[in-house]
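Down below is the structure, laid out as structure tokens.
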Amino acid sequence: MDCFLASTTTYNVVKFGAKPDGKSDSTEAFVNAWKSACSSLVPATIYVPKGRYLLNTINFRGPCKRKVTFLNGGTLVAPEDYNAIGDSGFWILFNHVDNLVVSGGKLDAKGVGFWNCRRSGKNCPVGARTVTFNWVNNLVVSGITSINSQLSHLVINTCNNVVVKNVKLIAPDKSPNTDGIHVEKSNGVTINGCTMQTGDDCISIGDATYNLFMSNIKCGPGHGVSIGSLGQKVDEKGVENVTLINAIFFGSDNGVRIKSWARPSNGFVRNVLFQNIIMKNVENPIIIDQNYCPNNQGCPGQTSGIKISEVTYKNIQGSSATAEAVTFDCSPSTPCQGIKLEDINLNYKNKAATSSCNNIGGTSNGTLVPESCLLN
């Protein structure tokens, strides 16, 4: 039994000098605890006891010798002055780490001042993502509550084999660019049992995302689950094998969305499944928008080269906040192909909603409300 107990070791941040008063800067103590855990020859746990811990920008860098668990029983708090973290682009960063668990606790990024700066049109810093994982493989993130992020709450970038479960990501519906979870350049990500109330996409999916599985998602307010925006650059990797099942959207701007810039691109979206989804007063429950050109700058007169194919919408029900519940606005130069609708029932003010199709081919069967505009 003694051998078993010796196989893991715990580093308490308080013993490294962290103060749970929410006022004393505990950044250095957390960094030193990380260094000890990361260099441990046996699996190690960084433990954050109950309390509030003020952290400036912090970089938990690997590689580490063994598995590391970051177990948070408290609340991590960003500085009140948004400039303190806003110029770095990140608040809490994990990078170049394999075999990492980040579990529990609360993160308060104090984003209100930054949002107000953005709204005022003043000269503001770039803003900080709350937690970013760069080049992390074999990652589990669970039981975290993140509030008031300056920008995205949780970013998964260039990672492999990731599980995100039972997290809550909360920011007001008018807070700019506060995406819940952003995934890009990653393979084998699973997102399960998460609740997102944000001012931007609940989940946003960037290029080079492969084998993404999402289930038991609650979204709203927010801009829905979005693949894109894609195609801002000509040379862009595709998005492939994306599944969303068992989701509820409450009053969100979009439900399930695929969005691309109206520009030439080598990118693609293929093999996507949206299934068992309930919409409650959602403005655009089902939408493909391949004519994204904000402020008509950089793309007037151009068309999207993103090739969208093999996208299935199955058993999607509920209410639309607008008359048109299904909008397929695909590229005239690269039409959508292999789109499938099956058992759709979306109403607007207790009447059948409408649908529209541009530059799209596919099939539809089962119950179809609104009537499908796809030509079988």
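Please read these numbers as outputs of a predicted model, since none were measured by experiment. Just the heavy atoms: all of them, side chains too, but no hydrogens, waters or symmetry mates, feed the values below.
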Using the side-chain hydrogen bond (donor to acceptor under 3.5 Å, both in side chains) rule, take Lys307 and Gln337 through it: C-alpha gap first, then chi angles, then the decisive distance, then the call.
CA-CA 8 Å; Lys307 187 171 181 57; Gln337 296 178 329; 3.1 Å; yes
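At least one side-chain heavy atom of Val140 sits less than 4.5 Å from a side-chain heavy atom of Lys165. Annotation: side chain of Tyr82 is not in contact with side chain of Asn116 (no heavy-atom distance under 4.5 Å). Counting only heavy atoms from C-beta outward, the side chains of Ile286 and Leu346 approach each other to under 4.5 Å. Looking only at side-chain heavy atoms (C-beta outward), Cys202 and Ile217 stay at 4.5 Å or farther from each other. Side-chain atoms of Tyr53 and Asn72, non-hydrogen and from C-beta on, never get closer than 4.5 Å to each other. At least one side-chain heavy atom of Leu76 sits under 4.5 Å from a side-chain heavy atom of Trp91.
In this structure, Tyr313 and Phe328 have tilted ring planes: the angle between them lies in the 30° to 60° band. The aromatic rings of Phe60 and Trp34 lie tilted to each other, with the angle between the two planes from 30° to 60°. In this pair, His96 and Trp135 present their aromatic rings parallel. The plane angle is below 30°, not in the 30 to 60° band.
By the rule that hydrophobic residues join a cluster once side-chain heavy atoms approach within less than 4.5 Å of another member, Ile287 and Ile277 end up as members of separate clusters. Residues Val326 and Ile360 are members of one and the same hydrophobic cluster, defined by side-chain heavy-atom contacts under 4.5 angstrom among Ile, Leu, Val, Met, Phe, Trp and Tyr. Taken together through direct or relayed side-chain contacts under 4.5 Å among Ile, Leu, Val, Met, Phe, Trp and Tyr, Val31 and Val131 form part of one hydrophobic cluster.
Partner of Ile181 under the side-chain contact (heavy atoms from CB on, under 4.5 Å) criterion, out of Val189, Ile205, Leu169: Leu169 alone. Among Asn345, Thr367, Asn276, the one residue that satisfies the side chain to side chain donor-acceptor pair (under 3.5 Å) test with Asn315 is Asn276. With Arg257 as reference, Asp201 is the one residue of Asn284, Asp201, Thr327 to meet the side chain to side chain donor-acceptor pair (under 3.5 Å) rule.
Evaluation of the salt bridge (charged side-chain N to carboxylate O under 4.0 Å, His left out) test over residues 62-84, restricted to residues two or more places apart or in two chains, returns Glu80-Lys110. Residue pairs satisfying the salt bridge (charged side-chain N to carboxylate O under 4.0 Å, His left out) criterion with at least one member in residues 233-249, sequence neighbours excluded, are listed as follows: Glu240-Arg270.
Remark: the backbone N or O of Cys38 is not paired with any side-chain donor or acceptor of Ser40 at under 3.5 angstrom. At least one donor-acceptor pair closer than 3.5 Å links the side chain of Thr178 to the backbone N or O of Gly199. Using a distance-only test at 3.5 Å, with no hydrogens or angles considered, a donor-acceptor pair links the side chain of Ser304 to the main chain of Ile306. Proximity of a side-chain donor or acceptor of Asn241 to a complementary backbone N or O of Tyr210 within less than 3.5 Å is not detected.
Residues satisfying the disulfide bond (SG atoms under 2.5 Å apart) test with Cys159, not counting sequence neighbours, are none. Annotation: side-chain hydrogen bond (donor to acceptor under 3.5 Å, both in side chains) contacts of Ser229 (sequence neighbours excluded): Lys259. Looking at residues two or more places apart in sequence or on another chain, you find a side-chain hydrogen bond (donor to acceptor under 3.5 Å, both in side chains) between Ser215 and Asn192. With sequence neighbours excluded, the residues that form a side-chain hydrogen bond (donor to acceptor under 3.5 Å, both in side chains) with Ser146 are His153.
Put simply, CG on Asp87 and SG on Cys124 are 10.5 Å apart, with the number rounded to the nearest 0.5 Å.
No side-chain donor-acceptor contact under 3.5 Å links Asp98 and Asn138.
In summary, Arg52 and Asp21 do not engage in a salt bridge, as defined by a charged side-chain N under 4.0 Å from a carboxylate O.
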